[in-house]
Amino acid sequence: MHGQDRFLLAGVMGWPISHSRSPMIHNYWLARYGLTGVYAPLAIEPARLGAALRALPALNFSGCNLTIPHKEAALAIVDELDATATRVGAVNCVVVEEDGSLVGRNYDGFGFTAALRAAAPMWRADAGPAVVVGAGGAARAVVAGLIDAGATEIRVFNRTLERAETLAQGFGPTVAAHRWEEREAALADAALVVNTTSQGMIGQPPLDLRLDALPATALVSDIVYAPLETPLLAAARARGLAAVDGLGMLIHQARPAFRDWFGIMPEATPELRARIEATL
């Protein structure tokens, strides 16, 4: 744990970075817990990521978050990876150790399941099959989070079957890839549906998925948070299903990172969420 007798520093590296809501989240917590410091947006070109990460100890940074396009590239730069970052194949949190070494972690899966529990307290990972749409980095993080939470069957759907198969092979028998054409039939006994693709985001077409077959007890989640109400979530609510937007995942993945850097596990307060919503 870093002492509070010095100016605390952390930030988020991305390219571009102006869209990031992470500074708003972490600076809110620094103020809330009476810590003196700042969390800065850091626009880092991909070719300079290694130099930027290596500079963190000399600049007295406690660590940083990584966002697009740096999450995969950091795997080969940091000195140590935790098990989750290795499994997901991406780093979203870098912690500077006392000796100046860099540890890469990934809290996206934690953020996803923590957000589900906060928004739908009755949710259980082992309640039934989970259907995950997409097979990119976000899908891998969500699958890892679901497995850690106790999911026993995860069905992955992607327009390119090979990508879904590659994802499934990395996680063992709990996860199976299915053909895109079978996605709606697979909803008949599903307890959870998650969209991890960019479809439904502002400027993107809506996700091509009818929810008619879903049981009335199912939970529908979208990791998109701009807009908060995607067409998928609107369709879920219209059917009377519980729906969880992507903003909770963003807030909850930040909590363990803040803890790692500054020694306090912060709360995801309604006030913080309202502040971010006001900027969307």
Side-chain angles (χ1 to χ4, degrees), residues 19 66-72 84-85 87-92 106-116 123 125 128-149 151 153-172 174-187 190-211 213-214 218-236 241 243-250 252-253:
H19 67 280
L66 296 173
T67 186
I68 293 168
H70 299 323
K71 290 186 178 187
E72 286 85 12
T84 304
R87 206 165 34 140
V88 173
V91 172
N92 86 325
N106 190 305
Y107 290 126
D108 284 332
F110 167 89
F112 174 71
T113 55
L116 285 191
W123 175 76
V131 171
V132 174
V133 182
R140 292 199 304 270
V142 164
V143 167
L146 288 173
I147 291 171
D148 289 346
E153 184 187 352
I154 301 171
R155 302 165 182 169
V156 178
F157 291 85
N158 193 64
R159 288 182 188 279
T160 309
L161 179 62
E162 290 76 17
R163 287 197 77 194
E165 287 173 340
T166 299
L167 183 152
Q169 285 160 9
F171 286 98
T174 304
V175 187
H178 297 269
R179 296 188 177 281
W180 184 246
E181 298 72 33
E182 300 165 2
R183 65 194 181 284
E184 276 149 12
L187 300 182
L192 172 70
V193 179
V194 190
N195 174 37
T196 71
T197 75
S198 60
Q199 293 196 310
M201 275 179 76
I202 293 169
Q204 296 282 339
L207 179 68
D208 181 15
L209 184 69
R210 292 171 58 87
L211 301 178
L214 263 183
L219 182 64
V220 179
S221 175
D222 204 322
I223 69 164
V224 169
Y225 61 86
L228 277 177
E229 182 87 342
T230 63
L232 177 70
L233 297 184
L241 299 169
V244 181
D245 63 55
L247 186 52
M249 177 177 175
L250 178 73
H252 281 278
Q253 63 79 29

Participant: Would you say that V224 contacts I202 through its side chain, given a criterion of any heavy-atom pair below 4.5 Å between the two side chains?
Facilitator: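 When only atoms from C-beta onward are counted, I202 and V224 do not touch, as no gap falls below 4.5 Å.
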Participant: Can you tell me how far apart OG1 (T84) and CZ (R140) are? Round to the nearest 0.5 Å.
Facilitator: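 Answer rounded to 0.5 Å: 13.0 Å.
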Participant: With no hydrogens and no angle check, is any side-chain donor or acceptor of T174 less than 3.5 Å from a backbone partner on E153?
Facilitator: no
Participant: State, with a plain yes or no, whether a side-chain heavy atom of D108 is found less than 4.5 Å away from one of F112.
Facilitator: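 No, every pair of side-chain atoms sits at 4.5 Å or beyond.
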Participant: Go through the steps to decide whether V175 and I147 satisfy the test side chain to side chain contact (heavy atoms under 4.5 Å, CB included), and finish with yes or no.
Facilitator: CA-CA 9 Å; V175 187; I147 291 171; 3.9 Å; yes
Participant: State, yes or no, whether a side-chain contact exists between L146 and L192 at a heavy-atom distance under 4.5 Å.
Facilitator: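 Yes - at least one pair of side-chain heavy atoms lies under 4.5 Å apart.
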Participant: Can you name the closest pair of heavy atoms from A139 and V132 and give their distance?
Facilitator: CB-CG1, 4.2 Å
Participant: Could you tell me whether a side-chain N or O of R155 sits under 3.5 Å from a main-chain N or O of A186, the two making a donor and an acceptor?
Facilitator: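 Side chain of R155 to backbone of A186: a pair is present.
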Participant: Provide the closest heavy-atom pair for L233 versus A243 in the form atom of the first, atom of the second, distance.
Facilitator: CD2-CB, 3.9 Å
Participant: If we only count heavy atoms from C-beta on, is the Y107 to H252 side-chain gap below 4.5 Å?
Facilitator: no
Participant: Grab the two heavy atoms, one from A115 and one from G248, that are nearest each other, plus how far apart they are.
Facilitator: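 A115 and G248 have their closest heavy atoms at CB-C, 3.4 Å.
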Participant: So which heavy atom on L161 is nearest to which on A177, and how close?
Facilitator: CD1-CB, 4.3 Å
Participant: If you compare all heavy atoms of L209 against all heavy atoms of L187, which two are closest, and at what distance to 0.1 Å?
Facilitator: CD1-CD1, 4.2 Å
Participant: Kindly determine whether N195 and T230 satisfy side chain to side chain contact (heavy atoms under 4.5 Å, CB included), including the steps that lead there.
Facilitator: CA-CA 10 Å; N195 174 37; T230 63; 6.0 Å; no
Participant: Using a 6.0 Å cut-off, check whether atom CD1 of I68 has over 12 heavy atoms from anything other than its own residue.
Facilitator: no
Participant: Taking all heavy atoms of N106 and all of N92, pick out the closest pair and write down the distance.
Facilitator: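 That would be CA-OD1, 3.2 Å.
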Participant: Please round to the nearest 0.5 Å and tell me the distance separating atom CE of M201 and atom CG of L207.
Facilitator: 13.5 Å
Participant: Which residue pairs pass the salt bridge (Lys or Arg N to Asp or Glu O under 4.0 Å) test with at least one member in residues 192-211, sequence neighbours excluded?
Facilitator: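 Those involving residues 192-211 are R183-D208, R210-D212.
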Participant: Between OG1 of T197 and CD1 of I223, what distance do you get to the nearest 0.5 Å?
Facilitator: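 Going from the OG1 atom of T197 to the CD1 atom of I223 covers 8.0 Å.
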Participant: Taking the side chain as every heavy atom from C-beta outward, state whether D148 and F110 have any pair of such atoms under 4.5 Å apart.
Facilitator: no
Participant: Looking at CH2 of W123 and CG of L219, how far apart are the two atoms once the value is rounded to the nearest 0.5 Å?
Facilitator: 8.0 Å
Participant: With a 6.0 Å cut-off (strictly less than), is the heavy-atom count around CZ of R179, excluding the residue itself, greater than 12?
Facilitator: no
